[in-house]
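Beneath this line is the structure, given in structure tokens, with notes to follow.
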Amino acid sequence: MGKRRKSGVTGPKPDDYFASGPLEMARFGNTMVMRSRLTESQHQAMQARMVEQFPQVVAEIDATVARIVDQIARLPADRLLHRGWWEFAALAITAGSADVEEAGALRMIDYVQSMVAAVPPAVSQAKELTDEDWATLQLDIRRLFEQITINYQSCLTATRKTADPNLDMALEEFRFRAEGMWMHVRGERYQPHERIALADLLAPHSDVFERLFGIDAPTLVAEFDKILVKLTSGAGEAMLAMKQFQIDSVERMEKLAELPGIDTIEALREKLWDDPDLAAQRDSVMGEVVGVDLFDIAKITSLPAALVNELTWNPGEEGSFLAPGKFAGWPLRIWPTMLRPFIRLDDRALCFDMWSLFDNIYRALQRIVCRLEPSYRETWNSRQKAVTEELPFAYFAKLLPGMRRFDAVNYLWKSGAGKPQWHECDGLIIYDDHLFVIEVKAGAFTYTSPATDLEAHLSSLKGLLEAPAKQGTRFLDYLESAEEVAIANNDRIEVARIRRADFRHVTVVAITLDAFTELAARAQHLKAVGINVGARPVWSLSIDDLRVYADLFDNPLTFLHFVEQRMLAAQNERVDLNDEVDHFGLYLAQNNYAQFASEFAPKDKLNFNGFRTPVDEFYASIAYGETPILPRQEMPDRIAEIVEVLARSDKLGRSQAASFLLDAGGELRASVADGIENQLEGNIRLGRQRPLMFSGEQPFSVCTSSQAVPRDANKALEYVRSLVAANGEECRFLIELEYDADSVLRDVHWQHVSLSGIAPASVVLAHIEGQKLRRVRLANARAAGKIGVNSPCPCGSGKKYKKCCRS
């Protein structure tokens, strides 16, 4: 077969290529590769120009903010937010999320609402919002975000580099990424998970919500979910309601027109609304389509007024967003919507921005409760810690049914100088030959902006990533310190002994409550900015990410194979992604995606875009009430069948057998599947096996048995040993497949075959002698004329001659 390529890629060739001035770009599917062609002198000249432009860029941004403030003050806020939301909804329905992001439509909701909360209304406000007013504001807001994202960031880095030639560029890149995420990224979890996530986290605090607001946690979650439903499906329902209203109105008008005395349009229209049901239908439709009923918290929910007040800004009430100083009004400050998701207009609390609501509501509620009842702060933290430590095990149990679980593992070990001490890790999960070392952190990620408090971001990362990583790797050091080690419970009573040699793969998992996936996914790349998770690879992810994986994987062995590839990627500097789900998308597309990334030149800047699209589409189907299709790797049915049978078995090492096949690239998978089909056909036609032989870095053989040719384990082992000896191989993997009469896989057997303790020459000679003996028997039978086509074959197979050696 030649070299066994795990990624299934024969060498990347671009689908598109573009070069303009100093920039060179190439596209490989969803992967963008960028390269600068600037000479050193050209680079220095460009840097100098950007330094010179920096004050002007800042002044232009401040001027843009000033224009936005003026417009927000004099334009009707309800009309601005109403139009922003409906334009966003229309674009999302007709064009898709990518076009919505490109158009910056979401900024006309969240940034405008933040500005409304921070800008006192003008004494004289416009009563209507003209198209010209809207276009001007829209252009200014788009310009503001483009100025900060491109010109400001480029000129800022050039200025900082000029002022400090020893500027830490790794830290500078981190700052740039963090500020970009702060401004542009919204939506920490998929819509179908919002209610689940909130219910998981608020359930332990039900008593304090009843005490403060007269509502228990399940009811509170259900009321917030009503807002989510209204802001996601409300537009479509409102349009359907309007269409039905039109139909009902026409039907009633046709009936009224037949009545005597109805001889003018005015009379007909006046009579039309005499029907109270139709009038109520009109008011409901117009209230949602033309008015703001779609966003009215009191109309949508039964949330307590006291709680709504805590979550609502009045226009101009928020004083920090526009306070004098650096970044006044810039989206690099804390947005008012991040603190309170509702806005009060005409004495009605309204919610236009569901992303700010659900991204921040848990921490907002925590702040409210701890401010109103300070004595509850410690209770909140302890309950939060308990539920946070339990949730990962619940989702791992779904991913790995039947797993062994150890909670709050204690172990006595001397990790440095001095006497042995007791240490703890949050838990262990064992499934087949995989061990997961679980460390969970319930602490909050900083709510401050990286532009104003970068140190807080770094400090949060240290606490939420570095600390659990070090705890997990310390347990691995203990595990590897002896052939067998003891683990104890919280009472320090031994509960089990485990051996490192029993596990083919060990994964340290650092799990956080807050979903800062844009940074957590890069945990292994943050050493340059002082976040050192250690030399061992660590899988850093949030509970929200784990919840997604619990939906996406329905086979534990496929999940384990993904984990193996994920940890290879964690050790590869070329794989630098901004989101955990992008890892899954790359796995679907490239399998061994770390190898795929390594095939590009080291100087190329890689940008992996759009790989999470299959996951987005999966959850969109759920949100739309459709039957979702799980995103999967392309895989022949025969390979998928093997992995499924292995997953249903309880044989030790089944994960290794599955991963061996799943490691193969697309062409090799297809060759194996085709070979199995040919073997099954050959078993019937020939009455004997024709084993598959694959050479390369990891040689293996496949022997397929069926009703026509039952399994002969000794014969298969003899055959593979002869290959190992003849080819001078250290080892060859043998896979034996047993099929029933309907060619449905019944069982899988596997082993690593080597010649340990056996003389290679004797294996080859025994195999040759066996073949020679069968040929001699056949020749003697032919010479004696004692063999016919229907005679038993003299080779000893038990088959008829015509279906065995004759063929």
Side-chain angles (χ1 to χ4, degrees), residues 1 399-403 431-434 504 553-561 630 632-664 666 668-694 698-721 723 731-753 793 795-800 803-804 807:
M1 287 275 312
L399 287 161
L400 303 171
M403 70 182 193
Y431 190 89
D432 193 35
D433 54 7
H434 273 247
R504 181 175 58 89
F553 288 99
D554 60 354
N555 184 307
L557 303 187
T558 307
F559 170 67
L560 293 178
H561 181 254
L630 277 174
R632 299 176 183 272
Q633 284 188 353
E634 290 187 9
M635 190 183 307
D637 291 342
R638 286 299 183 191
I639 302 297
E641 184 181 37
I642 295 172
V643 178
E644 286 297 325
V645 170
L646 287 170
R648 292 197 298 268
S649 76
D650 57 359
K651 295 180 181 179
L652 188 63
R654 58 195 180 277
S655 169
Q656 183 182 25
S659 289
F660 188 89
L661 290 172
L662 293 174
D663 276 348
L668 183 54
R669 291 181 182 185
S671 296
V672 173
D674 291 342
I676 292 171
E677 294 290 353
N678 291 333
Q679 282 187 315
L680 289 171
E681 184 274 332
N683 287 357
I684 298 172
R685 181 172 57 84
L686 303 177
R688 61 182 172 85
Q689 282 190 3
R690 292 185 302 173
L692 296 172
M693 181 186 76
F694 297 89
Q698 295 177 292
F700 67 102
S701 294
V702 179
C703 293
T704 301
S705 60
S706 60
Q707 190 177 48
V709 180
R711 180 189 178 214
D712 188 336
N714 291 331
K715 189 174 181 180
L717 182 60
E718 175 196 337
Y719 163 74
V720 173
R721 278 179 173 168
L723 290 178
C731 182
R732 176 174 281 268
F733 196 58
L734 169 61
I735 302 172
E736 295 182 80
L737 307 174
E738 286 190 85
Y739 288 86
D740 62 18
D742 297 322
S743 296
V744 176
L745 186 62
R746 185 174 68 247
D747 204 355
V748 182
H749 311 272
W750 64 93
Q751 61 178 306
H752 289 278
V753 179
C793 188
C795 75
S797 67
K799 305 293 183 181
K800 291 183 179 181
K803 291 187 176 181
C804 191
S807 62

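By convention here, the first residue in the shown sequence is residue 1.
Side chains of Leu560 and Leu400 form a contact here, defined as non-hydrogen atoms less than 4.5 Å apart. Taking 4.5 Å as the limit, some side-chain heavy atom of Val672 sits within range of a side-chain heavy atom of Ile676. When side chains are defined from C-beta on, Pro699 does not count as touching Phe694, because their heavy atoms never get closer than 4.5 Å. For the pair Met693/Arg732, a side-chain contact is recorded, criterion being any heavy-atom separation below 4.5 Å from C-beta on. Annotation: side chain of Cys703 is in contact with side chain of Pro691 (closest heavy-atom distance under 4.5 Å). Between Arg638 and Ser743 there is a side-chain heavy-atom pair separated by less than 4.5 Å. Contact check for Gln751 versus Leu717: side-chain heavy atoms found under the 4.5 Å cut-off.
In terms of the side chain to side chain donor-acceptor pair (under 3.5 Å) criterion, residue partners of Glu738 (sequence neighbours excluded) are, by chain and number, Arg746, His749. Looking at residues two or more places apart in sequence or on another chain, you find a ring-ring contact (aromatic ring centres under 6.0 Å, His included) between Phe559 and Phe553. Taking the side chain to side chain donor-acceptor pair (under 3.5 Å) definition, one finds that Gln633 meets it with Asn591, Arg669, sequence neighbours left out. When the salt bridge (Lys or Arg N to Asp or Glu O under 4.0 Å) test is applied to Asp747, the partners found at least two apart in sequence or on another chain are Lys651. Contacts of Ala647 classified as side-chain contact (heavy atoms from CB on, under 4.5 Å), with partners at least two apart in sequence or in another chain: Asn555, Pro556, Leu557. Applying the side-chain contact (heavy atoms from CB on, under 4.5 Å) criterion to Val748, with sequence neighbours excluded, gives Ile642, Val645, Leu646, Ile735, Leu737, Leu745, Trp750. Partners of Asp554 under the side chain to side chain donor-acceptor pair (under 3.5 Å) rule, at least two apart in sequence or in another chain, are Arg632. In this structure Asn714 satisfies the side-chain contact (heavy atoms from CB on, under 4.5 Å) test together with Asp712, sequence neighbours excluded. The side chain to side chain donor-acceptor pair (under 3.5 Å) check on Glu634 picks up nothing, with sequence neighbours excluded. Remark: Glu644 engages no residue in a salt bridge (Lys or Arg N to Asp or Glu O under 4.0 Å) (not counting sequence neighbours).
Side-chain atoms of Asp740 come within 3.5 Å of backbone N or O of Asp742 as a donor-acceptor pair. At least one donor-acceptor pair closer than 3.5 Å links the side chain of Gln679 to the backbone N or O of Val702. In terms of modelled atom types and a separation under 3.5 Å, the side chain of Asp432 and the main chain of Gly653 share a donor-acceptor contact. At distances below 3.5 Å, at least one donor-acceptor pair connects side-chain atoms of Gln689 with backbone N or O atoms of Thr704.
Between Ala673 and Pro636 the shortest heavy-atom distance is CB-CB, 3.5 Å.
With values rounded to the nearest 0.5 angstrom, Leu661 atom CG is found 11.0 Å from Gln656 atom CD. For the atom pair CG (Leu399) and CE (Met403), the distance works out to 9.0 Å, reported to the nearest 0.5 Å. Annotation: the span from Asn683 atom CG to Ser706 atom OG amounts to 4.0 Å, rounded to 0.5 Å.
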Next item on the list: Report the C-alpha distance between Val744 and Tyr739 in whole Å, list the side-chain angles of each, state the deciding distance to 0.1 Å, and finish with yes or no for side-chain contact (heavy atoms from CB on, under 4.5 Å).
Entry: CA-CA 5 Å; Val744 176; Tyr739 288 86; 5.6 Å; no

Margin query: One pair to check against side-chain contact (heavy atoms from CB on, under 4.5 Å): Glu736 and Leu734. What are the steps and the verdict?
Written below: CA-CA 7 Å; Glu736 295 182 80; Leu734 169 61; 4.0 Å; yes

Margin query: Test side-chain contact (heavy atoms from CB on, under 4.5 Å) on Ser701 and Leu723; report intermediate values, then the result.
Written below: CA-CA 9 Å; Ser701 294; Leu723 290 178; 3.6 Å; yes

Margin query: Pair Ser655, Tyr431 - check side-chain contact (heavy atoms from CB on, under 4.5 Å), show working.
Written below: CA-CA 9 Å; Ser655 169; Tyr431 190 89; 5.9 Å; no

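The aromatic rings of Phe700 and Phe660 stand perpendicular to each other, their planes meeting at an angle above 60°, with 30° marking the opposite boundary.
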